Amino acid sequence: PLSYLHMTTIHKNLHPYWATLDNENNLSTLFQLGDGLKVVSGKDDIRTTLRLLYEHQYLSVPVLENRELLGMVDCLDIACYFSHVKQVQTVLDTLAKDVINFSKKDPFEPLYCVSPFSTVVDILSSGIHRCPIVDEHGNYVGIISQTDVLNFLAESCDLQKCANELCKKTVAELGMISDVYATKENATVLECLEIIQKYKVSAIPLVSDDGEVVGTFSVSDVKKINQQEDLAKPVSIFLNTPLA
């Protein structure tokens with residue numbers, strides 16, 4: 001199995017392209033900012049946060065308190081917290097601000113609207129998945145993620161010239177094959193969360209007794225956890241159960 005396209009691969013192989021973008025653009029000109037932004041407050045609990053993530057199909061959300069941007073809470077933070085605490089109601093009652101970067105995977109790295117594109121790539125290629133963006137007054141105006149950058153590059157006409165040699169290489173030559181941590185399809189939800197917390201991965205394949213991959217449990221699936229019994233359910237059953 002293959003990991004997602006590594007930002008480190010993009011960063012290394014397309015580095016000459018960043019200078020071209022930096023000469024004429026910054027974040028505010030390259031990406032749409034400020035439309036329909038959703039946040040949680042310092043007083044909101046994880047129950048409220050999960051509801052927002054589920055309703056808008058987000059993977060992360062900024063946490064603001066008295067207009068101050070405290071950081072980001074994402075599904076991986078919440079998944080790791082579920083694994084650590086193991087008590088659903090306790091987790092749901094916890095304030096979102098108390099689990100900011102609980103996974104230790106996405107440290108708080110805000111960017112400014114005037115930040116050059118190369119700065120974004122530098123940060124995201126270090127392993128951080130998404131960054132909040134603030135204006136010159138420190139006000140939160142948006143988020144930029146690895147997916148945003150990859151989509152932008154895929155739609156850029158000039159990329160074809162810079163990526164000609166890159167596109168000829170195999171995924172193995174690009175160093176995009178990584179270790180995969182899988183579990184049986186009859187493993188419990190809690191067991192899946194423990195694997196995610198231990199290895200700090202965003203998803204794990206589910207395999208049958210014959211070793212065939214039959215599904216995936218992702219950190220985004222924590223949005224459906226709302227009662228203690230969910231942690232003890234076989235993950236295959238949990239994934240096919242609609243949110244109550």
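What's counted below: heavy atoms across the whole structure, side chains too, no hydrogens, waters or symmetry copies. Just so we're clear, the structure is a prediction, and the values are computed from it rather than from any experiment.
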Nearest heavy-atom neighbours spanning [X] and [Y]:
X	Y	value
Val39	Val61	CA-CG2, 3.7 Å
Ile143	Met72	CD1-CE, 3.3 Å
Ile225	Leu50	O-CD1, 4.3 Å
Gln89	Asn226	NE2-O, 3.6 Å

[X] (side chain) donor-acceptor with [Y] (main chain) under 3.5 angstrom:
X	Y	value
Asp74	Leu76	yes
Asn139	Asp135	no
Ser115	Thr119	no
Lys223	Ser220	no
Gln228	Val88	yes
Ser83	Ala79	no
Thr48	Asp44	no
Gln197	Glu194	no
Asp230	Gln227	yes
Asp45	Leu95	no

Decide whether [X] and [Y] are clustered together by the hydrophobic rule: side chain heavy atoms of Ile, Leu, Val, Met, Phe, Trp, Tyr closer than 4.5 Å, transitively.
X	Y	value
Leu59	Leu70	no
Tyr199	Val189	yes
Ile237	Phe82	no
Val222	Val91	yes

Test: Lys224 and Asp221 ion pair at under 4.0 Å: no
Aromatic plane relationship, Phe238 with Phe217 - under 30° parallel, 30 to 60° tilted, over 60° perpendicular: tilted
Lys200, NZ atom: more than 12 neighbouring heavy atoms under 6.0 Å: yes
